[in-house]
Engineer: 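Quick one: the structure is below, questions incoming.
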2 protein chains.
Amino acid sequence: MKIGELAKRSGLSAHTIRYYERIGLLPYADRDSSSQRDYDASILIWIEFLGRLRTTGMPIRDMLRYAALRERGAGTEAERREMLERHRDRVRAHLAELEASLLVLDSKIAGYAGPDQRMKDYDATPPVRRRKPVGARTARAR
Amino acid sequence: MKIGELAKRSGLSAHTIRYYERIGLLPYADRDSSSQRDYDASILIWIEFLGRLRTTGMPIRDMLRYAALRERGAGTEAERREMLERHRDRVRAHLAELEASLLVLDSKIAGYAGPDQRMKDYDATPPVRRRKPVGARTARAR
DNA sequence: ATACGGGTTAGAGCGCGCTCTAAGTCAAGA
DNA sequence: TCTTGACTTAGAGCGCGCTCTAACCCGTAT
């Protein structure tokens, strides 16, 4: 499979695939007689996993660490596992934050829809703050 | 409240607070006789809400739209509500993606811990791909 | 023969969201 | 009076993760 095909199948752009190889996220690909990358379908599984790491917010520098361990292979399992466990915990924490914020969004939306069209105060601009009216305080258009 | 105090209380840096004002996320703050910003505690509620939007991944340009509507005040409720509803839907979708990826992480971790120390294949580096062995294919150290 | 649609490289550029710097002002305390 | 520390502004700089450009190469179809 050449890079264009892999791009289609993986959802990454060819540019991004080359970039990932350059930085070491993807293993250096075999080249055919014309120096063109020739991929085995098995790379798709790795790319999909990378996508999971990215989706869950792992920074590239950490993915690189993981990828390097993976390439070293045997003997690195414990460390890889620890990385994933730490990452999973961060993802769980992030998930909890998102859920909390989602609740806030929901109640805010409910506020807009509520029988009482008036906001629960914390949305309306505070009634023209004008404390310490010192000097010429023009409104300054933005 | 001056900017340092607000920074402490809001968790934003003073730099970031000024930046937010500059771009329009925070309303232009009243200045005291020495041109120093003087905040009303009510701003904290708005900043906290901005934090929710940021946590849930809303781009600043969208927050700006929302902030502008908020400042226009009356008559913009419907649009603000629609924005939040669309955003909420995106957050829910993202949440679902995260949860799916979390499952993958969990099973991957389980694989590392499993009774069978051998990976379910898709983690081990594929057994030295060497298809189309054309030309001098040096391993090229990385 | 030539045009086309892929591919190759090194390296520049970009959008985002801050984050920091430089040079200056001001008020309070020793 | 002098120092200190918190503030002011305009604007530069940064880390991230791509994304694109330029110039070139190659194999196939017309």
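Convention: sequence-line order gives letters A, B, ...; per-chain numbering from 1. Everything numeric in this text was worked out from a predicted model, so none of it was measured.
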Engineer: Below 4.0 Å from chain B heavy atoms, what is the first contacting nucleotide of DNA chain D and what is the last?
Structural biologist: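 Nucleotide range in contact with chain B: D/dC7 to D/dG11.
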Engineer: Considering non-hydrogen atoms only, spot the tightest contact between A/Leu84 and B/Lys108 and give its length.
Structural biologist: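 Looks like CD1-CG, 3.4 Å.
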Engineer: What pair of heavy atoms forms the shortest contact from A/Glu21 to A/Ala29, and how long is it?
Structural biologist: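 Taking A/Glu21 first and A/Ala29 second, the nearest heavy atoms are OE1-N, 3.4 Å.
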Engineer: Do any of residues 2-15 of chain A sit with a heavy atom less than 4.0 Å from DNA chain D, and if so which?
Structural biologist: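 Here the set is A/His15.
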Engineer: Of the options A/Thr55, A/Leu53, A/Val91, which is the one that meets B/Ser101 in a side chain to side chain contact (heavy atoms under 4.5 Å, CB included)?
Structural biologist: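 Looking at A/Thr55, A/Leu53, A/Val91, the match for B/Ser101 under the side chain to side chain contact (heavy atoms under 4.5 Å, CB included) is A/Thr55.
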Engineer: Under 4.5 Å between side-chain heavy atoms, hopping through other hydrophobics if needed: is there a path connecting B/Leu103 to A/Leu50?
Structural biologist: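 In one cluster: no.
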Engineer: Counting N and O atoms only, with roles assigned by atom type, does the side chain of B/Thr76 sit under 3.5 Å from a partner on the main chain of B/Gly73, one being a donor and the other an acceptor?
Structural biologist: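 Checked: pair present.
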Engineer: Quick one: does any side-chain atom of B/Glu48 pair with a main-chain N or O of B/Trp46 as donor and acceptor, under 3.5 Å?
Structural biologist: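 Not confirmed, B/Glu48 side chain does not pair with B/Trp46 backbone.
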Engineer: Which heavy-atom pair separates A/Arg88 from B/Leu102 by the least distance, and what is that distance?
Structural biologist: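 Smallest interatomic distance, heavy atoms only, reads CG-CD1, 3.6 Å.
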Engineer: Any pair with a residue in residues 56-67 of chain B that passes salt bridge (charged side-chain N to carboxylate O under 4.0 Å, His left out), sequence neighbours left out, goes on the list, sorted by first then second residue, please.
Structural biologist: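 Every pair satisfying salt bridge (charged side-chain N to carboxylate O under 4.0 Å, His left out) with a residue in residues 56-67 of chain B: B/Arg65-B/Glu79.
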Engineer: Scan residues 57-64 of chain A against DNA chain D and write down, sorted by residue number, each residue with any heavy atom closer than 4.0 Å; if none is found, say none.
Structural biologist: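 Under 4.0 Å from DNA chain D: A/Pro59, A/Ile60, A/Arg61.
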Engineer: Going by heavy atoms in the side chains, are A/Arg31 and A/Gln36 under 4.5 Å from each other?
Structural biologist: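 Answer no - side chains too far apart.
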Engineer: Using a 3.5 Å distance criterion without hydrogens, assess whether the side chain of A/Asp38 forms a donor-acceptor pair with backbone atoms of A/Lys2.
Structural biologist: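 Absent.
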Engineer: In a check of side chain to side chain contact (heavy atoms under 4.5 Å, CB included) between B/Tyr20 and each of B/Leu64, B/Ile47, B/Leu25, which one passes?
Structural biologist: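 With B/Tyr20 as partner, side chain to side chain contact (heavy atoms under 4.5 Å, CB included) holds for just one option, B/Leu25.
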Engineer: Over all strands shown, is B/Arg18 touching base, sugar-phosphate only, or nothing at heavy-atom distances under 4.0 angstrom?
Structural biologist: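 Counting heavy atoms under 4.0 Å across all strands, the contact made by B/Arg18 includes a base.
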Engineer: For residues 4-17 of chain A, dump all side-chain donor-acceptor pairs below 3.5 Å to protein atoms at least two apart in sequence or in another chain.
Structural biologist:
| unit_1 | atom_1 | unit_2 | atom_2 | d |
| --- | --- | --- | --- | --- |
| A/Glu5 | OE2 | A/Arg9 | NE | 3.2 |
| A/Ser10 | OG | A/Leu6 | O | 2.8 |
| A/Ser10 | OG | A/Ala7 | O | 3.4 |
| A/Ser10 | OG | A/Leu12 | N | 3.1 |
| A/Ser13 | OG | A/His15 | N | 3.4 |
| A/Ser13 | OG | A/Thr16 | N | 3.0 |
| A/Ser13 | OG | A/Thr16 | OG1 | 2.9 |

Engineer: Assign a letter to each nucleotide of nucleotides 25-30 of chain C from its 5' end: B, base within under 4.0 Å of a protein heavy atom; S, sugar-phosphate only; -, no contact.
Structural biologist: -SS---
